[in-house]
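Heads up, the thing below is written out as structure tokens.
Atom set for the values below is all heavy atoms of this structure, side chains included, hydrogens, waters and symmetry mates excluded. Convention: sequence-line order gives letters A, B, ...; per-chain numbering from 1.
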There are 2 protein chains.
Amino acid sequence: MAWRYLSVVAAVVRAVSALWPLPTQLSTGTTALILASDFDIDISTITNPPEDLLNAISRTKGYIQTDQLEALVVDRGASYAQSLQNASSLSSLVLSFDSGFNGEPTSISEEAADDIENRVEGYSLTVPEDGSAATIKANSTLGLFRGLTTFGQLWYDLSNTTYTVEAPITITDSPVYPYRGFMLDTARNYFPVSDILRTLDAMSWVKMTTFHWHMVDSQSFPLEVPEFPELSAKGAYGSSLVYSTDDVQNIISYAAARGIDVLPEIDTPGHTAVIAQAYPEHVACPGATPWATYANEPPAGQLRFANADTTNFTTSLISSISSQFPGKYFSTGGDELNTECYAIDDSTQADLNATGKTLEQALDTFTQSVHSVLENSGKTPVVWEEMVLDFNLTLSNNTIVMVWISSADAAAVADKGFRLVQAPSDYFYLDCGAGGWVGANPSGNSWCDPFKTWQYAYSFDPIANMTDAQAKLVIGGEHLLWTEQSHASNLDPIVWPRAAASAELFWSGPGGDISEALPRLHDIAFRMTQRGVGAIALQPLWCALRPGVCDLTA
Amino acid sequence: MAWRYLSVVAAVVRAVSALWPLPTQLSTGTTALILASDFDIDISTITNPPEDLLNAISRTKGYIQTDQLEALVVDRGASYAQSLQNASSLSSLVLSFDSGFNGEPTSISEEAADDIENRVEGYSLTVPEDGSAATIKANSTLGLFRGLTTFGQLWYDLSNTTYTVEAPITITDSPVYPYRGFMLDTARNYFPVSDILRTLDAMSWVKMTTFHWHMVDSQSFPLEVPEFPELSAKGAYGSSLVYSTDDVQNIISYAAARGIDVLPEIDTPGHTAVIAQAYPEHVACPGATPWATYANEPPAGQLRFANADTTNFTTSLISSISSQFPGKYFSTGGDELNTECYAIDDSTQADLNATGKTLEQALDTFTQSVHSVLENSGKTPVVWEEMVLDFNLTLSNNTIVMVWISSADAAAVADKGFRLVQAPSDYFYLDCGAGGWVGANPSGNSWCDPFKTWQYAYSFDPIANMTDAQAKLVIGGEHLLWTEQSHASNLDPIVWPRAAASAELFWSGPGGDISEALPRLHDIAFRMTQRGVGAIALQPLWCALRPGVCDLTA
């Protein structure tokens, strides 16, 4: 690692190298190189290149042309003018598979939908200093795509000259963790499809793998389900505020072409009050008040999981929705189950009496029914942590658990032998710190105060207090946006560039230094802005142009 | 006040009335009324109407046509369809001056630049239920404009029918406090002119009077000063990141036409490190490190106020800049003066020795010189609170003081007999709570944590702990945005609708009920969004459609 360390130090001094996430191995020089006006990306060595790879190549060329990002140095690169005049020019980037690669290439989309541990994302990249062809090599189409993404971050603009001053560049790169995600809640408030697509683009720029889509919740059901049309007809916020099956396919294919798998979530049995709009017979305590007794937020209402008809309804619903998604993972949720809701529900009490089951036993039956539908169609269930920490349920060993309540719970989940995703509220919840949204509460702050800074998220240790065996169960992590106080207007500034912190943490590995990372995070934030994603300013521009000078003790 | 209270209760029940700020007197009925397709605004009674009033009328008609805001009720107004079919239609809104009004009308712009206590903003508005002409009457052009703003908030859309279901409407309205402002810092990060203009529009929609423009600071000098061109040439973040004199005139006239006075601020003698780029001889301790010893944030650097040449330079600079602004107020700042900076500045120490003055005496001389330039040109100086609380300076009794460090300081300022603006960080700082921006500080939170919610701001008491005589010195208040972590991408969502809380507090008076206010604040936020200002969601839409149901104890 000494080599990597040295290159990082050099990057800080020059404040130019600005890849995000940081490659595993990176070597840069000090030679200027400009991009030729006829620069092109050559894939002639690849037989039958997949269409989504061709599109990714087009996008990469587009970004390089339109980014026009000035270097984040005090003179914005003006002092490079002389060396750029004498620089070699790069005309070609050659993409090819590693020599060991055999057979017809699969598409980025197919590879993005593969088992998460099977995805091959590594690549190597070279940019010689003499203008001879740059190269990206990989053993997968997804790997070539990751390399293209890195290549797109190498270039700056000075008076319409596209350049780097760090040739030659040599990169060998692959991720430390396979799952690097972002969760969006589209139920508290609705987001137009265009916002989701833009978010997927930004996710792909920082090499994320998974769009965890919390599609519906107690407040609204914006998802069209062909077999259950009344759910969105009665449960969406409006007829235009629905993700149609076409929208869903559009989102899935857009994501897949960018190396991103969509992990759909239908949260059950809690967080389902909205189902009562169409199917009141399946929902206990709908709208019960005071809501705080029966739910973590209004409105109360949960599926009658002790009931056989409700269980059948739920398995049909999950089956219908999951069949729309090509990915191998599906979340059935399972957070914040409120037992008071069932205590006042005569129907549930009657069902429990009739079957002689406890609430926990009934939940076990329900969960096994729902999960067996998924497993029978080759999918892996995903659940929130309560399903393994609060209840004694029979879950498949294959189940993936999302840790959210606290990072302190991760070791306990691992201790039960489940693979887990790190999604802890104390590090990765993007909504924290913006004040309470519940009404009539003048001094209310958010339940998960304070605001989770990128620096704090970046300092997260995903295997804290775990044995080596437990640590192996951590497959990655994600930032999350619950949207009680967000809609299209503030999506980008809440998410970016903060969510890039976990993207790097789980690609490059934990333990990164925030002082080294900050200049690179500025860079990707400005690059995002150039590409139409409204990332915020992390500091005064004065600081962004002077790495380290605005540090606490500088 | 009983009448007002009753109408407010009715508004909550129906969740339709949604004026912001709440008028002093408001009476609404329950009759549906639609806007005729040939609806027009009639000013035939006004001789020689000012052009900015004609433009305001055009804008109002435009908003009414394009807002297309659905009522914030569960069915989004669908149940009104029947009554709208049978409703009378309104063809005309007649604007006229009160019978006592004499002479040629002045323009909105002229009235906006008048002494703040002289501005006449009151108006009365009627909307009969039978379709006969609506009226706005006022004793000033600014009053007519405020009435137009209110009229533009009365209307909802259902299938392209523009309607109210609350006719007849009778409003008599005028503000409690004359100063209702918003401060923007354009020095830590730059904001394009278009962002400022959009902000001025939003400010006018909530009847603000003052755009407090913190134009320059230690990090950048984005203001073109004809007599001192090097300041922006060397001190701006880039040649395109400068407010030209044309830009400034554009901002001033755009604001004035919307009833908004621009209060320019050139912060002195602290917060001036950037001046060293062009005039190093006038700046003590430029870039001194560790910065935390010499400034509240990097970079350090302050005007050598003990020096006669620097004093002359500063008076010329302030004179040059203030002459660009037609308003009667100019802020010379005065916050966060760091004495350590002068302790290490040999030049300042030599000046003090030569004149035999203490630092405080020198500051007094400097401040009197700078302020006399303003007062000689008919302007009133504005200063931050330290200038009266931390130093014994000879300030004109006319000086206005901005309270910012803490709301607890307001009574002390009033005790010294100065008029004051309530701008306390503990209530009105929009940047608080987003984490620390200083580098190398992984667990750093913002110095003014927590996030200042609209609810908390709304609960502010502007005359806490004051005698009646002191309370009379409070001329109003403002929300403020310091932009260490903001630029164009997140301007709107940080500011709106939160800043509307102080706009109402200082128009309608303190003591408002947040449960009554919330539905109206939702409404103005959605109306802002319809008009292109990216206000955030305050709650899940589910709650916005059901006033009170998401209250803490509901």
Side-chain angles (χ1 to χ4, degrees), chain A residues 76 188-190 218-220 237-238 289-292 297-299 433-446 449-453 455-456 458-459 483-487 489-490 492-494 514-515 518 529 534-543 548-554, chain B residues 76 188-190 219-220 237-238 289-292 297-299 433-446 449-456 458-459 483-487 489-490 492-494 514-515 518 529 534-543 548-554:
Chain A
R76 306 314 298 268
R188 273 52 179 255
N189 281 302
Y190 178 84
S218 279
Q219 289 83 2
S220 79
Y237 279 141
T289 57
W291 59 261
E297 63 185 55
W437 58 267
V438 169
N441 189 23
S443 58
N445 292 318
S446 81
D449 259 355
F451 181 89
K452 309 308 173 204
T453 65
Q455 298 96 318
Y456 192 66
Y458 195 72
S459 73
T483 60
E484 285 86 354
Q485 292 165 295
S486 304
H487 57 180
S489 297
N490 57 333
D492 287 8
I494 283 196
I514 60 169
S515 297
L518 177 56
T529 305
I536 72 160
L538 297 169
Q539 291 189 320
L541 183 58
W542 192 89
C543 302
V549 172
C550 293
D551 281 3
L552 184 60
T553 57
Chain B
R76 307 314 300 268
R188 272 52 179 255
N189 281 302
Y190 178 84
Q219 289 81 4
S220 77
Y237 280 141
T289 56
W291 59 261
E297 61 185 56
W437 58 268
V438 169
N441 189 22
S443 58
N445 293 317
S446 80
D449 260 352
F451 181 90
K452 309 309 174 205
T453 66
W454 77 265
Q455 299 96 319
Y456 192 67
Y458 196 72
S459 73
T483 60
E484 284 85 355
Q485 292 165 297
S486 304
H487 57 181
S489 297
N490 58 332
D492 288 9
I494 282 196
I514 58 170
S515 297
L518 177 56
T529 305
I536 72 159
L538 297 168
Q539 290 189 319
L541 183 58
W542 193 89
C543 302
V549 173
C550 293
D551 281 2
L552 184 60
T553 57

For A/Pro442, is there any backbone N or O sitting under 3.5 Å from a side-chain donor or acceptor partner on B/Ser459?
no
Residue part contacting chain B, namely of A/Pro290, when any heavy atom lies under 4.5 Å:
both
Using heavy-atom distances under 4.5 Å, tell me whether B/Thr483 contacts chain A through its side chain, its backbone, both, or neither.
neither
Show, in sequence, the C-alpha distance, side-chain angles and deciding distance for A/Thr529 and B/Ser489, and conclude whether the side-chain contact (heavy atoms from CB on, under 4.5 Å) test is met.
CA-CA 8 Å; A/Thr529 305; B/Ser489 297; 4.2 Å; yes
Heavy-atom cut-off 4.5 Å, strictly under: side chain, backbone, both or neither for B/Asn445 against chain A?
side chain
Using side-chain hydrogen bond (donor to acceptor under 3.5 Å, both in side chains) as the criterion, list what pairs up with B/Asn189, not counting sequence neighbours.
none
Within a strict 4.5 Å, meaning less than it, do heavy atoms of the A/Trp542 and B/Pro298 side chains meet?
yes
Please enumerate all residues that pass side-chain contact (heavy atoms from CB on, under 4.5 Å) together with B/Asp551, with sequence neighbours excluded.
A/Ala440, B/Ser515, B/Ala554
Who wins among A/Pro493, A/Gly436, A/Pro299 for the most heavy-atom pairs under 4.5 Å with chain B?
A/Pro299
Contact part of A/Cys543 toward chain B, heavy-atom cut-off under 4.5 Å: side chain, backbone, both or neither?
side chain
Within the structure provided, determine whether A/Tyr190 and B/Pro540 are in side-chain contact (heavy-atom separation under 4.5 Å).
no
Segment of A/Thr453 engaging chain B (4.5 angstrom heavy-atom cut-off):
side chain
Toward chain B, the part of A/Ser220 with a non-hydrogen atom under 4.5 Å:
neither
Using heavy-atom distances under 4.5 Å, tell me whether A/Leu552 contacts chain B through its side chain, its backbone, both, or neither.
both
For the side chain of A/His487 and the backbone of B/Leu541, is there at least one donor-acceptor N/O pair under 3.5 Å apart?
no
Can you tell me which portion of A/Ile514 sits under 4.5 Å from chain B's heavy atoms? Options are side chain, backbone, both or neither.
side chain
Part of B/Pro450 within contact of chain A (heavy atom distance under 4.5 Å):
side chain
From the list B/Glu297, B/Lys452, B/Arg76, B/Arg188, the residue making the most non-hydrogen contacts under 4.5 Å with chain A is B/Arg188
Might you point out which heavy atoms bring B/Phe451 and A/Gly433 nearest each other, and give the distance in Å?
CB-O, 3.0 Å
When you measure from the side chain of A/Gln539 to the backbone of B/Trp437, do you find a donor-acceptor pair of N or O atoms at a distance under 3.5 Å?
yes
In terms of heavy-atom pairs under 4.5 Å with chain B, which of A/Ile536, A/Leu538, A/Asn441 leads?
A/Ile536
Return the option, out of B/Cys550, B/Gly435, B/Gly534, with the maximum number of heavy-atom pairs under 4.5 Å with chain A.
B/Cys550
